[in-house]
Amino acid sequence: MATGSYDRVMAAGEGRPSRLILQSLSPLSPEFWRGNPELVLASITLAALLTGWLGGSVSGLLPGWAVVIFALVAYGAGGYSGAKVALANACCGVFNIDLLMVAAALGAALIGEWEEGALLLFLFTLSGALESFASERTRQAITGLAELRPDTARILRDGQEVEIGVEALSVGDAVVVRPGERMPVDGSVLLGSSTVDQSPITGESIPVYKEIGDPVFSGTINGSGALELQVTRLASESTISKIIGLVQEARNNAAPTQRLIDRFSQPYTLVVIGATVLAAIVPILFTDEPISQTVYRAITLLVVASPCALIISTPASILSAIAAAAREGVLFKGGAYLERAAALDMFAFDKTGTLTSGNPQVTDVVPLNGYTEQELIAIAAGAESLSEHPIAQAVVRRAQEMDLPYESPREFRGIAGHGVQAVYGRGARRELISIGNDKQFESEEMELPPSIRMIGRRLQEEGKTAILVVRRSIATDAVARENASGRGEAVGFLAVADTVRSGAADTIEALKELGIERMVMLTGDNRDASAAVAEQTGVEEVYADLLPGEKVEVLERLVKSGSVGMIGDGVNDAPALAASSLGIAMGGAGTDVALETADVVLMSDDLGKLPFMLRLSRRASEIVRQNLYFSVAVILALVALTVVVPLLVPGFRLPLPLGVLGHEGSTLLVVVNGLRMLTMKSS
Ligand code: ADP
Ligand code: MG
């Protein structure tokens, strides 16, 4: 697979299930029949049934023993797979629909209606074939990713290219990827640059430009440049392998509707058996109806009351929906979350990295107490150099841009929602650099003169995040707030500002159009900076200055008033995601944490998938509901026609073939209705 011709790349990019369905639906291809043994059995059943029926009861051309042989063939072929499943289940005390069908067919043969029994077996086998075909389709739509992952990679050994299996790659190996090929591993670019189609992972249709140092993901498609990659993850741990694992798990994580159905199907089956026995015995005991007619009605009841359609209705729709979403880079971790997404009343957004790009820039540098701008930035960058926070990265980036040397601290502590503390020097020369917001200095019990506070306030009023850098000497060991008090010297203020994500306002607008009325923003940033972002995005309700624990408290309060979808970057928002009704993480292609903590993962950094997520989940729930109502209605109608109408209209009897047709037809309809979800796209 590693040799990617242009054709292959095109075919892979367009691997839409609708097309795959058409391809394998062509009955001319031998693979079609080989992959569907049930279809072969159904065809044999039909052929034997038609021959026996036309040659026997219609024309009388065939001798009686020949008709018997055709009937036996039809029963053998048609009953084979059903009987196998029924026996396997009956051995462990489970009675299921297969058992009901086989029993009904045998009953029909007993009263001399073998053709009708064979027709039942034919339709049952046929619909079984179509169902497994459909579930195979959804499975393939899900694992289509896996098939697109190359099996081999070309690695560089002593300047020579050697082709090896991807499992044999180790972290640090150098791999060569030619234009048009798929990335065999997760890695970072060592050499070259190219545009990469990441749609298999993120659902983003626009190729992303990659140059030295940028990450690439296994399964994505290289554009026109040749790349040399350094392997950063083993093949088994690649992002795509994780996605496949998660989606497969999602299949086991059933939706509540399905759990309900699963719980009822066994007792219901027993009820059907009981009703059938009653329908056969009561008239024989208490009326003088011919026995064959009574048994015929009981068999019809057995067939039409069976819950085939009901049982298949939910998984067919949910699995198709999960597959369609995964293709667009929206990963549902289970059918349960699909139902929850459909029921959301409000969205809560994390500000930094979610509504904003998470790439803040240093906008203002205000040195105090005789420090120069350079000194301020160098001191701040040193103290922030060990922090992962976007603010820290902005400061460090600024120092690098200005070519300022900075020094990493000897001791370091990041305080969530406050800032950082860093220790330099030894012994009597020890000093602490403290950087952060008001809360940081309040908890350090440091008195800031009003003139200094004013500077910070002014910067914040401009919608920026102001952080103060303070330097002080400390006598004792250990970085701790208690030891940090004392008069410090303000080195100066830095202000950073983040840009609102392009498209954030449109997304919020689209969500409002979909009927979500409450949009909430949660952030640890200051009030003014948050208000500026709120205004630009259209979010109306803002909770600012929150510590991570307080975000959870706010969410718990929100959840009491409705179902809340929380969207965050998943890295430092894990507790908030967990406290919401539905945790949605962005940027799953970049971080493992996001993949693990959320209920739904947007693989790309694209908020714009939220309206799609909402529409898809609502439509899936809608289809599940349609299927449920429809299958129950068909069962009720057919049962009424079988047992109630004959009581009111003497001489009426529902022909068994009609009952079979209604029953199997409704089963197929709900499956097809569910498969419609596969065609849903984000735009
Ligand atoms: P958000 O909810 O926006 O992700 P955080 O809880 O990460 O916010 O941070 C809240 C505030 O804490 C920041 O706006 C900043 O004032 C301060 N802060 C956090 N980390 C740092 C840091 N490394 N350097 C300076 N200030 C910080
Ligand atoms: Mg954050």
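Note that ligands are numbered from 1 as they come in the structure, with each ligand's atoms numbered from 1 the same way. For reference, positions follow the sequence shown, starting with 1.
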For ligand 1, is there an N or O atom under 3.5 Å from any N or O atom of [X]?
X	answer
Lys351	no
Leu546	no
Gly436	no
Asn526	no

- Query: Is it true that atom CD of Glu489 has more than 12 heavy atoms of other residues, nucleotides or ligands lying nearer than 6.0 Å?
  - Reply: yes

- Query: Can you tell me how far the CZ atom of Arg615 sits from the CE atom of Met680, to the nearest 0.5 Å?
  - Reply: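 One finds 4.5 Å between CZ of Arg615 and CE of Met680.
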
Under 4.0 Å to a heavy atom of [X] - the qualifying atoms of ligand 1, by number:
X	answer
Ile467	25 (C), 26 (N)
Asp350	2 (O)
Ser387	23 (N)
Asn437	11 (C), 12 (O), 15 (C), 16 (O), 17 (C)

- Task: Assess whether side chain to side chain donor-acceptor pair (under 3.5 Å) is satisfied between Glu444 and Gln421, documenting all intermediate values.
- Result: CA-CA 11 Å; Glu444 286 178 1; Gln421 290 178 332; 2.8 Å; yes

- Do Val330 and Met603 come close enough that some side-chain heavy atom pair is under 4.5 Å? no

- Message: With heavy-atom distances below 4.5 Å as the criterion, would you say the side chains of Leu494 and Val365 are in contact?
- Response: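 Sidechains of Val365 and Leu494: in contact.
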
- Salt bridge between Lys609 and Glu328, side-chain N to carboxylate O under 4.0 Å?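 The answer is yes: the pair qualifies as a salt bridge.
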
- Message: Against ligand 1, does Gly414 come closer than 4.0 Å with any heavy atom?
- Response: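 Flag not set, Gly414 not near ligand 1.
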
- Item | Close approach, Lys551 and ligand 1, non-hydrogen under 4.0 angstrom | yes

- Item | Thr232-Asp186 side chain donor-acceptor pair, cut-off 3.5 Å |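 Looking only at side-chain atoms, Asp186 and Thr232 do not form any donor-acceptor pair under 3.5 Å.
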
- Query: Quick check: does any side chain N or O of Glu375 sit under 3.5 Å from a backbone N or O of Thr372, one acting as donor and the other as acceptor?
  - Reply: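 Indeed, once roles are kept as given, a pair shorter than 3.5 Å links the two residues.
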
- Task: Give the contacting part of Glu384 toward ligand 1: side chain, backbone, both or neither, where contact means a heavy-atom distance below 4.0 Å.
- Result: side chain

- Message: For Thr523, which part has a heavy atom under 4.0 Å from ligand 1: side chain, backbone, both, or neither?
- Response: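 Thr523 to ligand 1: contacts from backbone and side chain alike.
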
- Note on the structure: Given the options Asp498, Asp350, Thr499, Thr356 meets side-chain hydrogen bond (donor to acceptor under 3.5 Å, both in side chains) only with Asp498

- Message: Can you check which of Gly524, Ala380, Ala576 brings a heavy atom nearest to atom 11 (C) of ligand 1?
- Response: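 It is Gly524 that holds the nearest heavy atom.
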
